[in-house]
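Single-structure report; data block below.
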Amino acid sequence: MTAPVNPIQHSFELAAERGEDLTPLVYDRLFREHPETQAMFRSDGSELVRGSMLAQTIEAMLDFAGERSGRFRMIECEVQSHDGYGTSRELFGKFFGVIAATMREVLGNDWSPEIDAAWRKLLGEIDRLVASSQPQIEA
């Protein structure tokens with residue numbers, strides 16, 4: 001007997017079946033909803049940075065929604081890193097909501113109530129994690 005698939009993982013599997021690259025969809029939405037973020041990315045090589053950043057974020061989200069084997073700690077590390085860049089924690093946290101909204105759009109009718117509930121729970125937990133992360137200690 002196989003273990004049931006986590007709804008967050010299942011949503012990413014459904015998105016992968018569609019074969020669409022999430023990176024431009026996520027960043028187009030991010031820049032549309034939060035235009036101030038576009039200036040935070042350099043123009044040269046930005047596509048590679050965005051793709052890498054999104055892949056790492058998805059890995060951390062999947063771990064946070066699943067086993068919590070440690071990869072989710074990247075979220076806390078990046079909160080502090082982005083503090084150093086001058087990115088507000090509120091704006092940092094909105095990136096996860098942008099991913100969720102993009103996933104909902106990509107999945108369309110396959111976005112089930114179970115998937116929706118799992119994403120809402122995950123986003124709430126991430127919001128709490130971001131808010132409770134300790135600020136960097138300044139030397």
Side-chain angles (χ1 to χ4, degrees):
M1 192 162 127
T2 61
V5 175
N6 172 306
I8 301 296
Q9 179 182 341
H10 184 61
S11 68
F12 280 108
E13 289 168 353
L14 289 171
E17 288 173 5
R18 284 155 174 77
E20 198 156 4
D21 182 1
L22 293 176
T23 303
L25 300 175
V26 167
Y27 285 94
D28 287 349
R29 179 181 293 273
L30 178 67
F31 298 152
R32 190 171 58 250
E33 293 181 7
H34 306 282
E36 68 277 20
T37 61
Q38 196 157 10
M40 296 175 175
F41 292 87
R42 65 174 198 246
S43 55
D44 292 340
S46 182
E47 296 302 317
L48 293 174
V49 171
R50 292 177 197 175
S52 175
M53 190 168 114
L54 181 59
Q56 289 178 7
T57 302
I58 291 170
E59 281 184 20
M61 292 173 79
L62 287 169
D63 186 52
F64 196 61
E67 295 179 9
R68 294 198 181 182
S69 64
R71 289 183 182 184
F72 77 93
R73 296 278 180 217
M74 187 276 301
I75 297 170
E76 292 174 309
C77 293
E78 289 301 320
V79 166
Q80 292 181 18
S81 165
H82 283 71
D83 282 349
Y85 300 144
T87 303
S88 72
R89 291 191 174 203
E90 178 185 0
L91 183 57
F92 178 88
K94 290 196 183 289
F95 185 61
F96 299 95
V98 166
I99 294 169
T102 302
M103 292 292 291
R104 183 180 192 131
E105 185 177 293
V106 168
L107 295 187
N109 291 333
D110 287 330
W111 185 268
S112 68
E114 180 184 32
I115 289 172
D116 188 66
W119 271 98
R120 288 180 190 276
K121 179 181 179 212
L122 176 63
L123 293 174
E125 290 174 347
I126 290 173
D127 282 347
R128 286 187 289 283
L129 179 68
V130 168
S132 68
S133 292
Q134 295 297 317
Q136 277 185 321
I137 298 172
E138 296 197 26

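No experiment lies behind these values; they were computed from the predicted model shown. For reference, positions follow the sequence shown, starting with 1. The figures here come from the full heavy-atom set of this structure, side chains too, leaving out hydrogens, waters and symmetry mates.
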Could you go step by step and tell me if Asp28 and Thr102 meet the side chain to side chain contact (heavy atoms under 4.5 Å, CB included) rule?
CA-CA 10 Å; Asp28 287 349; Thr102 302; over 6 Å; no

Quick one, His34 with Val98, criterion side chain to side chain contact (heavy atoms under 4.5 Å, CB included). Give me CA distance, side-chain angles, the key distance, then yes/no.
CA-CA 10 Å; His34 306 282; Val98 166; 4.3 Å; yes

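Closest approach of Asn6 and Ala65 over heavy atoms only: ND2-O, 2.5 Å. Shown here for Met53 and Tyr27, the closest heavy-atom pair between the two residues is CE-OH, 3.3 Å. Taking each heavy atom of Val79 and Ser133 in turn, the nearest pair found is CG1-CB, 3.9 Å. Ala100 and Leu123 get closest at one heavy-atom pair: CB-CD1, 3.8 Å. The shortest heavy-atom contact between Val130 and Arg89 is O-NH1, 3.1 Å. Counting all heavy atoms, side chain and backbone alike, Glu36 lies closest to Met40 at O-CG, 4.0 Å.
With values rounded to the nearest 0.5 angstrom, Ile58 atom CD1 is found 11.5 Å from Ile8 atom CD1. The line from CD of Glu78 to CD of Gln56 is 7.0 Å long, rounded to the nearest 0.5 Å. In this structure, CZ in Phe31 is found 5.0 Å from CD in Gln38, a value given to the nearest 0.5 Å. Atom CZ of Phe95 is separated from atom CG of Leu30 by 6.5 Å, given to the nearest 0.5 angstrom. Atom CD of residue Gln9 and atom CE of residue Met61 lie 13.5 Å apart, to the nearest 0.5 angstrom. Once rounded to the nearest 0.5 Å, the distance linking CZ of Phe64 with CE of Met74 reads 11.5 Å.
Sorted by first and then second residue, the salt bridge (Lys or Arg N to Asp or Glu O under 4.0 Å) pairs involving residues 54-64 (not counting sequence neighbours) are Glu59-Arg71. Residue pairs meeting the salt bridge (Lys or Arg N to Asp or Glu O under 4.0 Å) criterion with at least one partner in residues 7-27, sequence neighbours excluded, are Arg18-Asp110.
The closest side-chain heavy-atom distance from Met103 to Leu14 is not below 4.5 Å.
Judged as a side-chain contact (heavy atoms from CB on, under 4.5 Å), and not counting sequence neighbours, Asn109 has no contacts. Not counting sequence neighbours, the partners of Phe12 by the ring-ring contact (aromatic ring centres under 6.0 Å, His included) test are Trp119. Taking the salt bridge (Lys or Arg N to Asp or Glu O under 4.0 Å) definition, one finds that Arg120 meets it with Asp116, sequence neighbours left out. Checked against salt bridge (Lys or Arg N to Asp or Glu O under 4.0 Å), Glu33 has the following partners two or more places apart in sequence or in another chain: Arg29. Looking at residues two or more places apart in sequence or on another chain, you find a side-chain contact (heavy atoms from CB on, under 4.5 Å) between Ser112 and Glu114, Ile115. For the ring-ring contact (aromatic ring centres under 6.0 Å, His included) test, residues two or more places apart in sequence or in another chain that qualify with His82 are Tyr85, Phe92.
Listed for the Ser132 side chain is a donor-acceptor partner under 3.5 Å among the backbone atoms of Arg128.
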